[in-house]
2 protein chains.
Amino acid sequence: MTTRARRPQRRNQVLSREQIIDTAVEMLDAGGESALTIRALTERLSTGSGAIYYHVGTRDELLDTATETVIGAALATRPAGTAATPGDEIRVVALALFDAIAAHQWLATRLSLQIIRNPVGPVTVGIFERIGGQVGALGVPRASWFDAASTLVHYILGAVSQNARIEGDTSGIDPSGDRDEFFDAASTAWQGLDPEAYPFMHAIVGQMREHDDREQFLTGIAVILDGLTHLC
Amino acid sequence: MTTRARRPQRRNQVLSREQIIDTAVEMLDAGGESALTIRALTERLSTGSGAIYYHVGTRDELLDTATETVIGAALATRPAGTAATPGDEIRVVALALFDAIAAHQWLATRLSLQIIRNPVGPVTVGIFERIGGQVGALGVPRASWFDAASTLVHYILGAVSQNARIEGDTSGIDPSGDRDEFFDAASTAWQGLDPEAYPFMHAIVGQMREHDDREQFLTGIAVILDGLTHLC
DNA sequence: CCACATTTGGTACAGCGATCCAAATTAGTG
DNA sequence: CACTAATTTGGATCGCTGTACCAAATGTGG
């Protein structure tokens, strides 16, 4: 119907899959999952949607690929120095995952999706292999390897996801504030709760204000590693 | 412009907030998060979008409300019998959450979102209060209450989210199959992995096939409860 | 130079959440 | 009972989305 005006010249440098993924990650980091639209992506890359779909498929596949890229990089982290205990290995990977989600908050929900939907994908398998590979050296008997690995993975991914912060507006609480302000606001709000109905929250509101996320995360890992040594 | 033909008579039974939420939960259970569209909801309730927005606000708020409803019900679960140890209390709530997510898989991602975005909401606070309220009776010293509660909550929510199954198509693996088929397919796929690169996955593929989700979940809780007793 | 496969930019379409508003209903007041 | 104000409803509309599709532009091998 419409007379196609065939004007625009091609880009001189061909579009690559990596380039698209990197740009997608940047946009996700900057504005959360809702900021990654195909249209915004095509505009940013000065191309059309056809090229995107040709290289990376649908938006959902692009999100999966972005997740794989970031998680894969985190999983490649190794302890510095020469002699690392299995505990060291686990702590290093766990912290790498922690930092990855801190840097890319959109991972919190995407990671769950990926693990639920694709237990054979590189993300699920990679995490499991990397963490589980240490439990033998920890002294866990072979029959309990799967249980031990599951416990660690569940805790690590749970903690890491729940520590992601502020995608969107945190409904009511100070929006774009940074980490300390966030915890201040949260603990203040906790203090406002009915002490009769929420005695525990009142008991810990002070610790909430002073605590350090990473230290608390490592404490949890220490608790589990300790508990694992008693696995029959 | 268009001459508004004002024909249709009113519904005899007024629309209620609960009715909308219940219907929303049904639709979410049946088809996952993507199945809950405002349009489908209005059609199912034979109403218009105005009524929905009047009663429950935006789609996002409706999802939050649905989450609160389901989680709130799960948190109300109490141990049967008279004398329950703190360990019993924790196991009962944990299993209630486990079953809630098994029955409503869409919760897996929604729960993360809610905890991240709204640390003052009834979901976050409710879970924390319910679980944390037990750690004192467990013998954990007061100074470690927050750490202990965090560890438990992180593990429980992590495990529970990662055990949700099959929203959508599980990419490649048998789609609408039930639980056993799912694990069979997954473990078979794991077996196909390169044994050099994934020695751990090969070592546990047998346990994977035979394991029981709920038992494994409880094993993890036992490990943590054990570890918590050694918290300084 | 040509034929063919690859890669691109852009259009079109169906569907979405949300806003808005006039009409329909109910509740309140005298 | 009548009349008004507040509540509640259904639907039209808007701007935006993902993506299927296509013709043109580019690269490639003979």
Side-chain angles (χ1 to χ4, degrees), chain A residues 1-21 23-24 27-28 31-66 106 109-110 113 117 167-169 171, chain B residues 1-21 23-24 27-28 31-67 106 109-110 113 117 168-169 171:
Chain A
M1 270 314 138
T2 52
T3 45
R4 300 224 178 191
R6 262 303 160 184
R7 214 77 46 78
Q9 72 255 32
R10 276 292 197 88
R11 49 180 41 269
N12 36 14
Q13 197 174 0
V14 283
L15 199 57
S16 79
R17 188 177 152 87
E18 284 79 21
Q19 202 178 354
I20 297 177
I21 295 169
T23 308
M27 296 175 63
L28 287 165
E33 191 168 318
S34 65
L36 181 68
T37 69
I38 302 291
R39 280 170 161 77
L41 190 57
T42 58
E43 193 172 351
R44 178 102 176 254
L45 292 169
S46 312
T47 180
S49 54
I52 305 290
Y53 279 85
Y54 179 80
H55 285 290
V56 297
T58 69
R59 190 188 106 107
D60 210 59
E61 288 166 344
L62 174 55
L63 279 161
D64 280 350
T65 308
W106 48 273
T109 44
R110 262 291 146 179
L113 260 189
R117 292 197 299 197
E167 156 166 16
D169 60 0
S171 60
Chain B
M1 267 317 136
T2 51
T3 44
R4 298 221 179 193
R6 261 302 159 185
R7 213 76 47 78
Q9 71 254 32
R10 276 291 195 93
R11 49 180 43 267
N12 36 14
Q13 198 174 1
V14 283
L15 199 56
S16 79
R17 186 178 153 88
E18 284 80 21
Q19 203 177 353
I20 297 177
I21 295 168
T23 307
M27 297 174 64
L28 286 166
E33 192 168 318
S34 66
L36 181 68
T37 68
I38 301 290
R39 280 168 160 78
L41 190 57
T42 58
E43 193 172 352
R44 178 102 176 257
L45 291 169
S46 311
T47 180
S49 53
I52 306 289
Y53 280 86
Y54 179 80
H55 285 290
V56 297
T58 70
R59 189 186 107 106
D60 210 59
E61 287 166 345
L62 174 55
L63 280 162
D64 281 349
T65 308
T67 304
W106 48 273
T109 44
R110 262 291 144 178
L113 260 189
R117 291 196 298 195
D169 61 0
S171 61

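Numbered from 1 within each chain, the chains take letters A, B, ... in sequence-line order. Please read all numbers here as calculations on a predicted model, not as lab measurements.
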> C:dC16 P sits how many Å from B:E33 CD, rounded?
Replying inline: 14 Å
>> Closer than 4.0 angstrom, basic N to acidic O: yes or no for A:D64 and A:R59?
In response: no
> Rounded to the nearest Å, what distance is computed from the CD atom of residue B:E43 to the P atom of nucleotide C:dG15?
Replying inline: 12 Å
>> Taking B:E33's backbone N and O only, do any of them form a donor-acceptor pair with B:R110's side chain (distance below 3.5 Å, no angle check)?
In response: no
> What's the CG-P distance between A:L41 and C:dT8, to the nearest Å?
Replying inline: 13 Å
What does the list of N/O pairs under 3.5 Å between the protein and nucleotides 16-19 of chain D look like, with a distance for each?
residue : atom : partner : partner atom : Å
D:dG18  : OP2  : A:I38   : N            : 2.9
D:dG18  : N7   : A:R39   : NH1          : 2.8
D:dG18  : O6   : A:R39   : NH1          : 3.4
D:dG18  : O6   : A:R39   : NH2          : 3.1
D:dT19  : OP2  : A:Y53   : OH           : 2.7
D:dT19  : OP2  : A:R59   : N            : 2.7
D:dT19  : O5'  : A:Y53   : OH           : 3.0

> So, is A:H55 near the phosphate of C:dT8, with a side-chain N or O under 4.0 Å from OP1 or OP2?
Replying inline: yes
> Considering residues at least two apart in sequence or located in another chain, which fulfil the side-chain hydrogen bond (donor to acceptor under 3.5 Å, both in side chains) criterion with B:R44?
Replying inline: B:E26
> Taking CD1 from B:I20 and P from D:dT8, how many angstroms apart are they, rounded to a whole number?
Replying inline: 11 Å
>> Using whole Å, what does the distance between atom C1' of nucleotide C:dT8 and atom CG of A:L45 come to?
In response: 13 Å
>> Nearest whole Å is fine: how far is D:dA23 C1' from A:Y54 OH?
In response: 16 Å
> Where do A:A66 and A:L28 come nearest, in terms of heavy atoms and distance?
Replying inline: CB-CD1, 4.4 Å
> Atom CD1 of B:I52 and atom P of D:dT7: how far apart are they, to the nearest Å?
Replying inline: 20 Å
>> With rounding to the nearest 0.5 angstrom, report the CD1 to CZ distance, B:I52 to B:R17.
In response: 12.0 Å
> Which pair of heavy atoms, one from A:A40 and one from A:A35, lies closest together, and at what distance?
Replying inline: CB-O, 4.2 Å
